[in-house]
Amino acid sequence: MEVTNDNSCSWINDLNPRTNTKSLLSNDECDWLIIGAGYTGLSAARKLAQINSNLKIILADAQLAGEGASGRNSGYLVDTTLNDGFTSNKELQNYKKKADIYSLGIDVVKKFIKEHQVDCDWNESGKYFASSKIEDKKILENFSSTLSKLGFEHSLLGNKELSEKLGTSFYNIGLYTKGGILLHPGKLVRAMVDALPTNVILYENSCLLNWSKNKDFIFCNFKNGKIKTKNIIFATNGFLKSLGIKSNYNFPITLTASMTRRLSDKEFKSIGEPKEWGVLPVRPMGATIRMTKDRRILIRNTAEVHNPFVMSNSTLKKRSLNQKIGIQKRFPQLPNDIIKSSWSGIVSRTRNSSQIFEKIDSNIFAAGCYNGSGIGVGTLFGEQIALKAINESTNEIKTIEARNKPTWLPPQPFLNLGIKTRLVYERLRAKSEI
């Protein structure tokens, strides 16, 4: 089944439409084929091409490059997380391993931005974890203890401080971390598309239907052509499972989000004219909220098991009602018709919140499952899976592989039943936080 482009995401609509796109319409051959042109695939292609300009590299995506989950996320480049999916690391050493990967992810994005002089609204503003429930103070105090032991600069905040900084009195308890970065995900991933070296051929709107390996070659069948390749990297994140990659170790989750129009001077003044900020939920199914630098409010407060290939406009409209309610709860003084666009996107989860970074076969590699932290980790994994694929050894690879591997998942229908049950449970626990 194909993934279709749409014009429902504000981040993508902020960009000028690209006109130099090309689809696979015949048969082709290459040294390296990379499936998925998001942060991971773009970074892998760029790295391989930089190492050897004589390689023929093909990068293929089922839709327009960068306009899947990479251009649709909330724009957080994280240094720390409280929850990854449904889980959190309670053991200090495991948390440090995860934080080390986040740090490397920030470094690799910073390096790309500096090298290519990218304007992606980069703001080292930090981020907040916040809740309206006073009883969540214990969760944040425990998290604060973990951060203190690892040397992360942070502070616990109450209702008054949060109200002054965020322009809403909704939150009663919060924790601020200094190291988080907010950015425009569409602008960043577009810059990665524009920075592809000349020996990378980009095929867009070219859906991989199936693939097989015969002797030393991989044969990939697309809708309108075939590609024979010596080596392949799968970088499709939320669609790894649908391509049969580590299918018993990852599963897709569909998220939906909305963004308002730009607030008027009067509306912005009514909420205290706050500086740009980002809030992540204390509980897994709570809302992610951003105030952008140009006075728009973004909210993401739904996650579900859904067909990852398509969401109808009528279904999306129902989901956006949750976002409307979430904004009204936080900013009752604002009009109730300020949402400008709503969209869906796919993330990939593993049972224990570990990532996939593997050599599947002698010439088959895969990277994905970022559990909601795809900007930095996805960029890092793209570069490093390319290096791993050519038998390079780096300190970054050692850091990535020091984490636990993803754990096995039960078969269907038990898997979906378990995920849906957990989603309902977490949704009820975070009901007040939508």
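Note that the numbering runs from 1 along the sequence shown for the chain.
- Put simply, the side chain of N123 does not reach to within 4.5 Å of the side chain of L183, judged on heavy atoms.
- In this pair, F234 and W211 present their aromatic rings tilted. The plane angle is within the 30 to 60° band.
- Side-chain atoms of S103 do not come within 3.5 Å of backbone N or O of A99 as any donor-acceptor pair.
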Do S312 and T315 pass the side-chain hydrogen bond (donor to acceptor under 3.5 Å, both in side chains) test, and can you show the C-alpha distance, the side-chain angles, and the key distance before you say yes or no?
-> CA-CA 5 Å; S312 68; T315 301; 2.8 Å; yes
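- The two residues I57 and A49 come nearest to each other via the heavy atoms CD1-N, 3.4 Å.
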Could you give me the CA-CA distance, side-chain angles and deciding distance for D294 and R262, then say whether salt bridge (Lys or Arg N to Asp or Glu O under 4.0 Å) is met?
-> CA-CA 7 Å; D294 60 354; R262 189 177 187 271; 5.7 Å; no
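- For the pair E91 and Y95, the minimum side-chain heavy-atom distance is 4.5 Å or more.
- Under a 3.5 Å cut-off, the side chain of S148 and the backbone N or O of S144 do form a donor-acceptor pair.
- Counted by atom type alone, S163 and S169 present zero donor-acceptor pairs between their side chains at under 3.5 Å.
- Between C220 and L33 the shortest side-chain heavy-atom distance falls below 4.5 Å.
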Which is it for L415 and K241 under the side chain to side chain contact (heavy atoms under 4.5 Å, CB included) test, yes or no, and what are the steps along the way?
-> CA-CA 13 Å; L415 174 59; K241 187 178 181 69; 4.0 Å; yes
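- The pair E304-R319 counts as a salt bridge, with a side-chain nitrogen and a carboxylate oxygen less than 4.0 angstrom apart.
- Side-chain contact between T236 and L243 is present, with at least one heavy-atom pair separated by less than 4.5 Å.
- Using the six-membered ring where Trp is involved, F365 and W32 have ring planes that are tilted, between 30° and 60° apart.
- Every side-chain hydrogen bond (donor to acceptor under 3.5 Å, both in side chains) that N159 has, sequence neighbours left out, goes to N172.
- The existence of a salt bridge linking R295 and D265 is confirmed by a sub-4.0 Å separation between a basic side-chain nitrogen and an acidic carboxylate oxygen.
- If you look at F239 and F309, their ring centroids are closer than 6.0 Å.
- K22 pairs with exactly one of I201, N205, L202 by the side-chain contact (heavy atoms from CB on, under 4.5 Å) rule, that one being I201.
- In this structure, Q384 contributes its side chain and K388 its backbone to no donor-acceptor pair below 3.5 Å.
- Defined by atom type and a distance below 3.5 Å, a donor-acceptor pair is missing between the side-chain atoms of S23 and E204.
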Determine, stepwise, if the pair Y370 / F381 fulfils ring pair (Phe, Tyr, Trp, His ring centres under 6.0 Å).
-> CA-CA 10 Å; Y370 306 124; F381 275 38; 5.6 Å; yes
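- The number of heavy atoms from other shown groups lying within 6.0 Å of NZ (K96) does not exceed 12.
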Would you check, one step at a time, whether the test side chain to side chain contact (heavy atoms under 4.5 Å, CB included) holds for L280 with L82?
-> CA-CA 9 Å; L280 294 172; L82 178 54; over 6 Å; no
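- Exactly one residue among N371, N237, L240, I245 makes a side-chain contact (heavy atoms from CB on, under 4.5 Å) with N250. That residue is L240.
- Remark: the backbone N or O of R296 is not paired with any side-chain donor or acceptor of T260 at under 3.5 angstrom.
- The side-chain heavy atoms of K133 and E433, taken from C-beta on, include a pair separated by under 4.5 Å.
- Partner of S373 under the side-chain contact (heavy atoms from CB on, under 4.5 Å) criterion, out of T81, L77, N73: T81 alone.
- The local environment of CD in E401 is crowded, with over 12 non-hydrogen atoms from other residues, nucleotides or ligands closer than 6.0 Å.
- Contact annotation: the side chain of K246 approaches that of I360 to within less than 4.5 Å [non-hydrogen atoms, C-beta and beyond].
- Within the 4.5 Å cutoff, side-chain heavy atoms of T288 are placed close to those of P281.
- If you take CG on L175 and CD on E141, they are separated by 10.0 Å, rounding to the nearest 0.5 Å.
- Scanning both residues, Y102 and V78, for their nearest heavy atoms gives CB-O, 3.5 Å.
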Where do E115 and K111 land on the salt bridge (Lys or Arg N to Asp or Glu O under 4.0 Å) test, with the steps shown first?
-> CA-CA 6 Å; E115 180 179 348; K111 181 180 177 182; 5.6 Å; no
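- Using a distance-only test at 3.5 Å, with no hydrogens or angles considered, a donor-acceptor pair links the side chain of N301 to the main chain of N322.
- Under a cut-off of 6.0 angstrom, the local environment of CG in N20 is crowded, with over 12 non-hydrogen atoms contributed by other residues, nucleotides or ligands.
- Using a cutoff of 4.0 Å between basic side-chain nitrogens and carboxylate oxygens, E276 and R290 are scored as salt-bridged.
- Side chain of N224 to main chain of L25: no donor-acceptor pair is present (N/O by atom type, distance under 3.5 Å, no hydrogens or angles).
- No more than 12 heavy atoms of other residues, nucleotides or ligands shown are found within 6.0 angstrom of NZ on K137.
- Because its NZ or CZ atom is both nearer than 6.0 Å to the ring centre of F170 and within 45° of the ring axis, R330 counts as a cation-pi partner of that residue.
- A salt bridge is defined here as a Lys NZ or Arg NE, NH1 or NH2 lying under 4.0 Å from an Asp or Glu carboxylate O, and D79 with K127 meets this definition.
- Counting only distance, with no hydrogens or angles, the side chain of T40 and the backbone of G378 share a donor-acceptor pair below 3.5 Å.
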Stepwise salt bridge (Lys or Arg N to Asp or Glu O under 4.0 Å) check, R190 with D14 = CA-CA 11 Å; R190 174 64 63 83; D14 288 343; over 6 Å; no
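- Below 30°, between 30° and 60°, or above 60°: for Y176 and Y128 the angle between ring planes is between 30° and 60°, a tilted geometry.
- Across I34 and G41, no two heavy atoms sit closer than the pair CG2-CA, 3.8 Å.
- A heavy-atom distance below 4.5 Å is not found between the side chains of K223 and S206.
- For Y203, the ring pair (Phe, Tyr, Trp, His ring centres under 6.0 Å) test picks out no residue, with sequence neighbours left out.
- Applying the ring pair (Phe, Tyr, Trp, His ring centres under 6.0 Å) criterion to F222, with sequence neighbours excluded, gives no partner residue.
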Test side-chain hydrogen bond (donor to acceptor under 3.5 Å, both in side chains) on T350 and Q355 and set out the steps.
-> CA-CA 7 Å; T350 56; Q355 297 97 6; over 6 Å; no
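- E161 has no carboxylate O lying under 4.0 Å from a charged side-chain N of K165, or vice versa, which leaves the two without a salt bridge.
- Taking the charged nitrogens against the carboxylate oxygens, E67 and R72 have no contact shorter than 4.0 Å, which rules out a salt bridge.
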Please lay out, stage by stage, how N210 and N221 fare under the test side-chain hydrogen bond (donor to acceptor under 3.5 Å, both in side chains).
-> CA-CA 5 Å; N210 55 70; N221 295 316; 2.7 Å; yes
When you look at S258 and S320, which way does the side chain to side chain contact (heavy atoms under 4.5 Å, CB included) test go after all the steps?
-> CA-CA 6 Å; S258 293; S320 70; 3.8 Å; yes
Would you please test K187 and L15 for side chain to side chain contact (heavy atoms under 4.5 Å, CB included) and show each step?
-> CA-CA 7 Å; K187 290 181 179 180; L15 310 175; 3.7 Å; yes
